[in-house]
Structure formats: structure tokens, C-alpha cells
2 protein chains.
Amino acid sequence: MSTIRDVAKVAGVSVATVSRVLNNKGYVNEDTRKKVEAAIHSLNYKPNSVARSLFKKKSKMIGLIVPDITNPFFPQLARAVEDVTNHSGYTLVLCNSDEDIIKEQEYIEVLNQKYVDGFIIVTSTLKAEHIKDLKVPIVALDRPINLDTPTVSVNNYEGSRLATKFLCDTGCQKIAHVRGPYNVLNADERCRGYLDEVQDLDWFRPELVVNGNFNINKTKEIAKELLTLHPDIDGIFAGNDLMAVGVIKAAEELGIKIPEQLSIIGFDGITLCETTSPELTTIAQPIYNIGSKAVQILVDLIENRPLEQNNYTFSVELIERQSTKPR
Amino acid sequence: MSTIRDVAKVAGVSVATVSRVLNNKGYVNEDTRKKVEAAIHSLNYKPNSVARSLFKKKSKMIGLIVPDITNPFFPQLARAVEDVTNHSGYTLVLCNSDEDIIKEQEYIEVLNQKYVDGFIIVTSTLKAEHIKDLKVPIVALDRPINLDTPTVSVNNYEGSRLATKFLCDTGCQKIAHVRGPYNVLNADERCRGYLDEVQDLDWFRPELVVNGNFNINKTKEIAKELLTLHPDIDGIFAGNDLMAVGVIKAAEELGIKIPEQLSIIGFDGITLCETTSPELTTIAQPIYNIGSKAVQILVDLIENRPLEQNNYTFSVELIERQSTKPR
DNA sequence: ATGAAAGCGCTAACAG
DNA sequence: CTGTTAGCGCTTTCAT
């Protein structure tokens, strides 16, 4: 590996001049520039990014922390984030926190040491106090951290009303909700949307809301219980697609026909919806767009461009497939 | 952020001494060590890892390059790799190459600049020539790169014979194979296993092997065609689980009952197998173990411990579910 | 056992 | 327009 000194020597100039042409900064005569470029080329010189980082306290890396890389929603999201990150001239470091605040903090610590330029974080555990000492910008994705932190998410409340209304409109008479974990804001919002849509209807009972914890197997068990206890349930809105799959599994084991006897609708719009039988009707998030927007905002912040807004809320869309009756 | 100088000043010693206690290296008097540790503590000092990297040309990071993070096999693998990486005191940088040799090379280039200590690579495009200049160790995972590069994979050939034999044993009379992309070694091996098992049987025809490219939708289309052309096919071995799902979809659209009329078996053993209806019989790889072993080897290489073997081949296991007839 | 000083490869004043 | 030089924060000889 050749260094800036080697280039300077070959080009017959000083390291400062080489640095200037490298960074397109300051005056440099056209002829010397040519000489330097030739030297760079002939030596196949690449500036050492660690040395650069040490001086600049920047790294051209951004960190993405997600709670569970094995939930297909996050690879799809990460894919979008990676794309835009690369196109913006940065490198993505993808970290999996297991929703564990210790791991989250360790990753933040390590990456911070490495001078990452910013973070995109999906978290329900990290609070304002945990990030207040960070000198680099942060964008909260999917779930807000606090009001000060720029946030990109979708309209979970509207989406869940849409889902619930759709079940009503297609003839469901008793609709249950399998919600995600408490204190995960999107799960709470989706639950609130469901409640606001149905809680004044005469068939409504609080027992129709159960917690599936964003987990297939947990949901399968709890849905079996629910459907056994209330055999007249004919519609279930699951707080995410993973849990909707759990509901399908439960119905299957109980010999309940979908959608004839039971309609199911999920939330997220991951590709998994198309692999189940029946394929899953869902409220689809614009996954690529939210990932992409989060990076754009972060890069704007890193490069000191002012933000137009602090919060971006995307809208969701109902995608009708086979797990619900046609409208 | 305090520096080693601040610590030295507070402790009343030189930076060299601080460095010595930091690294547990060289002689340092017990009392001075205490003083230094106290200073470190009181300043909440953390050594700057970029400065350290610059000097040592190491970074305590390892890079993992996978071809497609949205194929659920890779998140599961990445999860294992991340786990062991962290436990070994390293940080994982997860990169998605889209099977694109340009992106692979860019990632290698960038990470190399950042002094990553080693790479774990899953690739079918990268060849020996592309990595020969790398000074850091590399481990090939899932797919070999060349004979010199330590490789961790599974016995694809045996696994596919096992799958094919199982279809025969459960009464299938005409078995087709949906293979993965050409020149992806595991796809080639799985195809070879199938062929060696059936090509001498009288019903065998070369047209029974079709290419699904490791892709659900591609497979669905091609399987519909195949099953229409050869309605007497009663067993399909798919080269991975994703393609097996494509086959399920195709059968569904054609009104073919699984497993009564058609048995399907996949390969990989990803969790997706349990979300389909019927659930998918598959040849399961020990995903966690292969990821884990790859890291162990890489870390041994990085830390100059000799390798016991250059190649680790794990065995696979048949998991019977609902997409095949019981034995 | 400890300290002074050189240097990892780069950038940015500052001087000329 | 170009060169000299002082760091960025750390590790490691080499003296003492």
C-alpha cells in the first residue's frame, strides 16, 4: 500500500498538494494536478480512510440498528437503507440488537468510537437519556424515540382502522385483534386504531384483544385459545404479518376455513405474505420508501443541510389477497 | 472525550505507562497501575479505536458479505455469525452484495481500507484472482471460492441424495428437480445428488430438471409449466426452501393436492418452512453451527492460531413435515 | 519500571 | 499556487 508520501515523491510535489488534489480543495495548478493524478494512478494509490477518520473524526459509515434481523420486515428495510447509503457515498454497518438495550448500547458505543457519522435506529427500549450524549445525528425509524429525534414511520393508527373497517365491510361480525408487545409504539397505535373502530359496537369485548408479541408461535398458541373460547370470531386483525401467519396456523389446526369462516388481515406487507396459503391480505408499508427517507434525512443532517420536517409519516395501503373475503 | 494524555496527566505518569496498563503489556508497578486505573475511571476514558487502528492496522471488525439479505437463509446465518463475532470481541459489518461482483469488490475495497481484520464471504462470483491481493484472512461460507481458502459448508451432495431417496421411499414414481442457478456450487451439487439417485431409473428424463434460480416467482412459473407438461410427476425436490415454496404455489394454482398427489421437499431448513401450508419437509442445514464455525476459523486465522483443517463440511438432516407422505 | 520521542497516514493552518 | 509543519490519539522502541 502506497501512502500520500509516495505519491508526493513520484509527482515531485509536497504531500499538501497531493492532499489538495485528493480533496479538490484549495488552489492547485492544472499541470501539477495532472502530474499528481498520474502518480496516483501509476501507484494505484488509495487514500487510507482510517488516517482520514482519525483527523476528521468522521468515517463515511452509518450504523443501522434493528431489533431482529430474522423478522423479514427488517432485511427488507435494511436492503433499502443499504441501497441509499451506498448511493450517498457511505458504508452501512448493520447491527442486530435482539431488542436488548445492552446490545444496543454496546453497538452505539463501539460504532461511536469508530467515528460513524450517524445512526438509524429501530428501537423500543432506547430512550432519550441513552442517546443524549451522542454527538452525531440519529434518525428513529419505524418507532419514535422522542420528540427531538427526527422520525420516519407510517400511519399505524390509520392503517389499523383501515384494516378493521375492511373486515367489517366484508361482512365480519366479530373481529378480534392480536396485538404486538406493549410499549412498542406501533403495536400500541395499531391496537388503538382497532379499538376506536370497534369498541362501541355491541359485539365488542375486551377479551377480543390478545397479545401475540410479534411472534409466530406465541400467536399460534394464543389464537388457538382465542378461537376455541370464542368460536364465533369471524375476523382477526393481526398487528403484523408474522402474527397473521400464526393465526393462519392456528385456524388450520382447528380446521377453520380461511376466508370462508375466518378472515385474517396482517400489517407490514412483507414478502412472506405471498408465500402462505392462503396468501395474506395486509396493510402494506412502503418499506423501501421509509428506509430510503431515513437515510436521506440522516445524510442531510450529517452534511449540515437543514431538515424540512422533523417527522415523516408515510401512508399505508391495503393489499387484498386470499385471507379475506372479497369486497 | 478524554485522551490518553488526559489520563496520563491526571495519573501523573507518561502516556507510555498508560498505554502499558491499557494493553497489559510490559512492566508496570502495581501502585502506578492503580493510579492509572483510577484516572481512567474518573475520566471515563475509552481508548480511541480509530487511532489504535491507524497504528496497528487492525480494527477488531470483521466483514460478512452475503448475496441476498432478503433470502431468509442469510439473516439466520448472519445472526449466528454476529453472535459469535461479538463473543469473540469483534464487531460485525454485514454487507449485501446482490450477487453483484462489483458490489462485492467495492465492499472488500472499502472494508479493507478500514483495516477490517478478516472476511467471511458467501459468493459464487468472486474467484481466487479477486481476493489474491488481500492481506487479511478470508473464510468462504456456504460456497467454496478455491481450494486455498478455508471453507465451511454442508454436504449438499449427500443431502440431495437423501431428499431424493426419501421421495422414492415414500412412494413417488416420477420425481422432478427444480435446481438453483448454474455455477453456484451448492446448486450444482444438489442437482448432481438428485441425478446420481435417479438417472438410471426407467422413468427418468432430462426434462425433469428445470432451473428455478433460487427464486420463488421464477420457480412458480416454471413449476406450473413442468407440472402441466408432465402431469404424472408426483414428487419434486427443490434445490432450496424458497423454490419449494414456489412449487407449492404452482401446485395450488393447478389444484394439485400436497402431499396426496405431489410430494415436495426443500433444502436449507429456514424458518419459512414452518409458515407455509402445508409445512415444508426439508433437508435442514445446521445454520447456526456453520455460521459459528466460520467465525471461529476466521478468528483463529486472525489471531494466528493454526487451523486444524482447511475445510469443514457439516451434515444435513431430513426434517419431515406435511409436504411429503409419511414414511 | 518509566519516560521521551518517533511515527501510523492524513489534513489544514500558515507562510511564502 | 505550493511547501512546511503541527497535530488527530495511540503504540512502541530505545534510553535511563
Side-chain angles (χ1 to χ4, degrees), chain A residues 1-40 43-61 109-117 135-136, chain B residues 1-40 43-61 109-117 135-136:
Chain A
M1 279 289 92
S2 43
T3 77
I4 198 173
R5 272 197 174 62
D6 302 326
V7 177
K9 200 170 296 171
V10 169
V13 298
S14 77
V15 294
T17 304
V18 178
S19 178
R20 281 186 198 103
V21 345
L22 246 29
N23 299 288
N24 265 313
K25 219 179 214 172
Y27 302 95
V28 37
N29 180 24
E30 202 46 44
D31 288 352
T32 29
R33 157 168 276 120
K34 289 260 188 303
K35 273 192 297 186
V36 171
E37 277 163 355
I40 287 175
L43 288 170
N44 187 26
Y45 165 79
K46 305 268 196 287
N48 178 309
S49 59
V50 174
R52 209 171 244 185
S53 288
L54 179 59
F55 186 90
K56 292 201 151 190
K57 302 190 189 309
K58 307 217 157 176
S59 65
K60 284 280 176 187
M61 294 194 291
E109 170 83 38
V110 170
L111 295 189
N112 206 36
Q113 288 289 327
K114 301 217 181 281
Y115 292 140
V116 290
D117 297 357
K135 300 280 180 294
V136 298
Chain B
M1 278 290 90
S2 43
T3 77
I4 197 172
R5 272 198 172 62
D6 303 325
V7 177
K9 200 169 294 172
V10 170
V13 298
S14 77
V15 295
T17 304
V18 178
S19 178
R20 281 188 198 100
V21 345
L22 246 30
N23 300 287
N24 266 313
K25 220 178 214 171
Y27 303 95
V28 36
N29 181 26
E30 204 45 45
D31 288 352
T32 26
R33 155 166 278 119
K34 288 260 188 303
K35 274 191 298 187
V36 171
E37 275 162 355
I40 287 175
L43 288 170
N44 188 25
Y45 164 79
K46 305 268 194 291
N48 178 310
S49 59
V50 174
R52 210 171 243 186
S53 287
L54 180 59
F55 186 90
K56 293 201 149 188
K57 303 191 188 307
K58 306 216 158 179
S59 64
K60 285 278 173 188
M61 294 194 292
E109 170 82 41
V110 170
L111 296 189
N112 206 37
Q113 288 289 327
K114 302 216 180 281
Y115 291 140
V116 291
D117 296 358
K135 300 279 180 294
V136 297

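Sequence lines set the chain letters: A, B, ... in the order given, protein chains first and strands last, and positions in each chain run from 1. Because the structure is predicted, anything quoted here is derived from the model rather than measured.
Two end axes, each from the C1' atoms of five base pairs, can be drawn for the helix from dA1(C)-dT16(D) to dG16(C)-dC1(D); they diverge by 50°, to 10 degrees.
For the pair L54(B) CG and dC10(C) P, the interatomic distance rounds to 9 Å; values are reported in whole Å. If you take NZ of K9(A) and P of dT4(D), they are 13 Å apart, rounded to a whole angstrom. Taking atom OH on Y45(B) and atom C1' on dG9(D), their separation rounds to 7 Å, with Å as the unit. Following rounding to the nearest Å, F55(B) (CZ) and dG9(C) (P) show an atom-to-atom distance of 10 Å. For D6(B) and dG9(D), the CG to P distance is 9 Å, given to the nearest whole Å. Rounded to a whole Å, the CD1 atom of I4(A) is 14 Å from the C1' atom of dT2(D). R20(A) has its CZ atom 8 Å from the P atom of dG3(D), to the nearest Å. Across the protein-nucleic acid pair, K58(A) atom NZ and dC8(D) atom P stand 18 Å apart, rounded to whole Å.
One finds a side-chain N or O of R52(B) lying less than 4.0 angstrom from the OP1 or OP2 phosphate oxygen of dT11(D). Between K57(A) and dG9(D) there is a side-chain polar atom (N or O) within less than 4.0 angstrom of OP1 or OP2.
Taking only side-chain atoms of K56(B), from C-beta outward, the nucleotide of dT12(D), dG9(C), dG9(D) with the closest atom is dT12(D).
Taking NZ from K114(B) and CG from L111(B), the interatomic distance works out to 8.5 Å, rounded to the nearest 0.5 Å. Atom-to-atom distance recorded for K46(B):NZ and I4(B):CD1 is 14.5 Å, nearest 0.5 angstrom. Between S49(B) atom OG and L54(A) atom CG the span is 10.0 Å, to the nearest 0.5 Å.
Between K34(B) and V21(B) there is no side-chain heavy-atom pair separated by less than 4.5 Å. Taking 4.5 Å as the limit, some side-chain heavy atom of R52(A) sits within range of a side-chain heavy atom of L22(A). Under the 4.5 Å side-chain criterion, counting only non-hydrogen atoms from C-beta, K9(B) is not in contact with R5(B). A 4.5 Å side-chain heavy-atom check between K57(B) and K135(B) finds every atom pair outside the cut-off.
Within residues 21-39 of chain A, the residues approached by DNA chain C to less than 4.0 Å at the level of any non-hydrogen atom are N23(A), K25(A), in residue-number order. Of the residues in residues 11-19 of chain A, those placing a heavy atom less than 4.0 Å from an atom of DNA chain C are A16(A), S19(A), in numerical order.
Nearest heavy-atom pair, Y115(B) versus V50(A), reported as atom, atom and distance to 0.1 Å: CD1-CG2, 3.4 Å. The shortest non-hydrogen separation linking T3(B) to Y45(B) is C-CE1, 3.5 Å.
A side chain to side chain contact (heavy atoms under 4.5 Å, CB included) with V18(B) is found for exactly one of V28(B), T32(B), V13(B), namely V13(B).
A donor-acceptor pair is defined here as one N or O able to donate and one able to accept, closer than 3.5 Å; no such pair exists between the side chain of S19(B) and the backbone of V15(B).
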